[in-house]
Number of protein chains: 2
Amino acid sequence: MVTLEDVARHAGVSLATASRVLNGSTRQVGASLRAKVEQAAQQLGYRTNVAAQTLARGASNVIGLVVHDLTDPYFAALADGAMRVAEDRGMMVMVATTHRDPEREIAYVATLNAQRVRAVLLSGSRIADPAVTRRLREELDRYRQTGGRVACVGQSLLGTDTVAPGNAEGAADLARALAGLGHRRFAVLAGPPWLLTAQDRVSGFAGALAELGLPAPQLVHGTFDRDGGYSAAAEVTDATCVFAVNDVMAVGALASFRERGIRVPEDVSVAGFDDIATLRDLVPALTTVRLPLPDMGARALEMALDETGESAEPRTERMAGRVVLRESTRPL
Amino acid sequence: MVTLEDVARHAGVSLATASRVLNGSTRQVGASLRAKVEQAAQQLGYRTNVAAQTLARGASNVIGLVVHDLTDPYFAALADGAMRVAEDRGMMVMVATTHRDPEREIAYVATLNAQRVRAVLLSGSRIADPAVTRRLREELDRYRQTGGRVACVGQSLLGTDTVAPGNAEGAADLARALAGLGHRRFAVLAGPPWLLTAQDRVSGFAGALAELGLPAPQLVHGTFDRDGGYSAAAEVTDATCVFAVNDVMAVGALASFRERGIRVPEDVSVAGFDDIATLRDLVPALTTVRLPLPDMGARALEMALDETGESAEPRTERMAGRVVLRESTRPL
DNA sequence: CTGTTAGCGCATTCAG
DNA sequence: CTGAATGCGCTAACAG
């Protein structure tokens, strides 16, 4: 293993000088020595030992990203946005997947703390469990007390900077647009009752219907994934329009209707939420609420890294969704 | 920042004892001291400084994963499989995305080397550029000379353990199945000429047709993504069956045909490759070659981490694909 | 079973 | 501008 010391010796300079030329120091080094060091490093195939550097500097160049599931395009898009920012700043990204297990989320925050990552990004919905939220928050506080920076994408109840998608507002806009198409009887494939993101979308949707004086939608709970949409769709009894609280669930719903010979949108309209890029070529094209997923991931990391937020109040930045009407919904 | 020394002092024991109970040592520690240390660590909110640990141990608990694009479900599935193995072994994963830039791939290997990751996983197709391949290989060799472990998913031309998908064989099987349906005139949406994965699939497909005495397919090159499939499909002139060399391209092709009023499979059959899970609900359901993506990612990491492969010859493990006939292709 | 001690590789004062 | 020396937090002999 080639060390800085090897390089220094090979170049006939001191350790300090080698360090200064090879790793971004503000200090200047004479051109001739600089050249010697660079050449020696090159010849020997020197690679900085980041662990040693981190230890000496007391700060790493790694950021931690906690997501539920990388194969869910929602998180992949968020991660992609965050990673672009990380790359721009020369940082590496450590990714942890919780598979929706809150315990694992807490454990990973502890692990990332141990890794002394520069910042932690928590993405994905919070859940309605005060005990879990409290423990997660404790772990985050511990991390922040020693200089760790945190940002979330989702609900802002962790006392951190957060990027908050306009779930309720977007769902309300969607409800109004759908009502504008003439629909009156709705069903909502509502996801798990304890998932705050799902809750927000359901309540935004239902709230808007209520304001319009329309009957309350039928609520069918289930998992937040494709299969959850598939199963829940089977229980819809009497609706002209079905709102699945995310696109992936809507895909499941479409499959369910198709298998049962129920045509979309002729027999029933279907809408989703998120506007997942991979699903844009679906037939029928999905009416949905577009969220700027990559931007959200990018912005969250920027907030976490942003120096000005040092000791200030946690900031919440709302990212509005925009209704996109497509072929899966039709006027009544 | 709470250090091991703080914990030791607080518990009234030596640094070594604290280290032994808190971090997986084989050495035993008496129950009473153990309890004291654990309590002290708990009270103080101690978190191991992994950088220091890595430096002292000379080995990290992180693995590096290099992919082209996380939002491509192919890589997301591979990453997911690899991350499951990593989690089982208590390792963290550092992810780097190259966005198909070979230079970045090389640079990331260097960076991951600097991080002293335990192993590097290279996923995604190699390209037909000897100069780039050589430089990547040099960088990998440098990493391996100091104990780094490497595995690839794709072509085995880097002298590393590799998981090789049965691209040619799968494509050949597909060609035979399609010919069995009565098709004679084929087109292949072939992706970029320099992408080896694309090449393998094209040649496997064309080879099988030749063996059957059928005319050579029309080859249309383009990018390896959705838009590549979309554009290439427009140039297909005279075929009853179109083979897109991956599912994501097939989605683009379906969109192209749909927009032009060409019905699939009534007017033309379409097949893909990979069997991406997120796309299983497509209409019409896509005929494709199923690759066990998560298993491939998992297996690759296992090979890299596997001790027995220490100094032996690089192993190549083939993962066969299985033809899945669905509705996007029909008998002629 | 427990404590003492010498590095791991690098950044960074502080002198020169 | 350059070099010598100190310490970052932890592990792993080694000694007791």
Side-chain angles (χ1 to χ4, degrees), chain A residues 1-38 40-41 44-62 111 113-118 146-148, chain B residues 1-38 40-41 44-62 110-111 113-118 143 146-148:
Chain A
M1 185 70 66
V2 182
T3 71
L4 232 205
E5 193 173 349
D6 297 332
V7 175
R9 188 174 18 241
H10 198 81
V13 303
S14 72
L15 221 197
T17 298
S19 170
R20 293 195 266 254
V21 348
L22 260 17
N23 305 334
S25 166
T26 51
R27 308 287 301 273
Q28 292 303 309
V29 171
S32 75
L33 286 194
R34 165 175 298 275
K36 277 189 193 168
V37 172
E38 278 166 349
L44 269 40
Y46 170 72
R47 290 288 172 270
T48 302
N49 182 327
V50 177
Q53 194 169 279
T54 298
L55 183 57
R57 287 218 254 249
S60 81
N61 250 321
V62 176
T111 301
N113 186 349
Q115 299 277 352
R116 297 299 188 270
V117 295
R118 258 284 231 331
T146 56
Chain B
M1 185 69 64
V2 182
T3 72
L4 231 206
E5 193 172 349
D6 297 332
V7 175
R9 190 173 17 241
H10 198 81
V13 303
S14 72
L15 222 200
T17 297
S19 169
R20 292 196 268 253
V21 350
L22 260 17
N23 305 333
S25 165
T26 50
R27 309 288 300 270
Q28 291 304 309
V29 172
S32 75
L33 287 193
R34 164 175 299 275
K36 275 188 193 168
V37 171
E38 279 166 348
L44 269 40
Y46 171 72
R47 289 286 173 271
T48 303
N49 182 327
V50 177
Q53 194 169 272
T54 298
L55 183 56
R57 287 217 253 249
S60 82
N61 251 318
V62 177
T111 302
N113 185 350
Q115 299 278 351
R116 298 297 188 271
V117 295
R118 255 286 227 336
Y143 170 58
T146 56

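Just so we're clear, the structure is a prediction, and the values are computed from it rather than from any experiment. We name chains A, B, ... by the order of the sequence lines, and we start the count at 1 in each one. Computation of the quantities below employed the complete heavy-atom set of this structure, encompassing side-chain atoms and omitting hydrogens, waters and symmetry-equivalent molecules.
- If you check C:dT13, C:dC10, C:dC8 against the side chain of A:L15, the one that comes closest is C:dC10.
- An OP1 or OP2 oxygen of D:dT2 is reached within less than 4.0 angstrom by no side-chain nitrogen or oxygen of A:T17.
- Applying the 3.5 Å distance criterion, the base of C:dG9 shares no donor-acceptor pair with the side chain of A:R47.
- Taking 4.5 Å as the limit, every side-chain heavy atom of B:T3 sits out of range of all side-chain heavy atoms of B:N49.
- Atom CG in A:L33 sits about 9 Å away from atom C1' in D:dC1, given to the nearest Å.
- Of the listed nucleotides (D:dC10, C:dG9, C:dT13), C:dG9 has the atom at the smallest distance from the side chain of B:L55.
- Considering only side-chain atoms of A:A16, the nucleotide from D:dA13, D:dG9, C:dT12 that sits closest is C:dT12.
- The distance between atom CG of B:N61 and atom P of D:dT11, rounded to the nearest whole Å, is 11 Å.
- Counting any heavy atom pair closer than 4.0 Å across all strands shown, A:G58 reaches no nucleic acid atom.
- Atom CD in A:E5 sits about 12 Å away from atom C1' in C:dC8, given to the nearest Å.
- The nearest whole Å value for the distance from the CZ atom in B:R20 to the P atom in C:dT2 is 8 Å.
- Rounded to whole Å, the distance from CG on B:D6 to P on D:dG9 is 9 Å.
- For B:R57, the listed nucleotide lying nearest its side chain is D:dA12; candidates were D:dA12, C:dG9, C:dG3.
- Taking atom CG on B:N49 and atom P on D:dG7, their separation rounds to 18 Å, with Å as the unit.
- Side-chain contact between B:Q115 and B:V62 is absent, with no heavy-atom pair separated by less than 4.5 Å.
- For A:V13, counting side-chain heavy atoms from C-beta on, the closest listed nucleotide (C:dG3, C:dA11, D:dG3) is D:dG3.
- In this structure, B:Y143 contributes its side chain and B:V117 its backbone to a donor-acceptor pair below 3.5 Å.
- Whole-Å rounding puts the A:R9 CZ to D:dT2 P distance at 20 Å.
- Panel note: side chain B:R47, backbone B:V2; no donor-acceptor pair is recorded below 3.5 Å.
- In this structure, the CD atom of B:Q53 is 16 Å from the P atom of C:dG9, given to the nearest Å.
- Heavy-atom nearest nucleotides on DNA chain C were determined for B:G12 and for B:A52, and the one closer to the 5' end corresponds to B:G12.
- Contact annotation: the side chain of A:R116 never approaches that of B:V50 to less than 4.5 Å [non-hydrogen atoms, C-beta and beyond].
- When the nucleotides D:dT2, D:dT11, C:dC10 are ranked by their closest atom to the side chain of B:N23, D:dT11 comes out on top.
- A sub-4.0 Å separation between OP1 or OP2 of D:dA4 and a side-chain N or O of A:S14 is absent.
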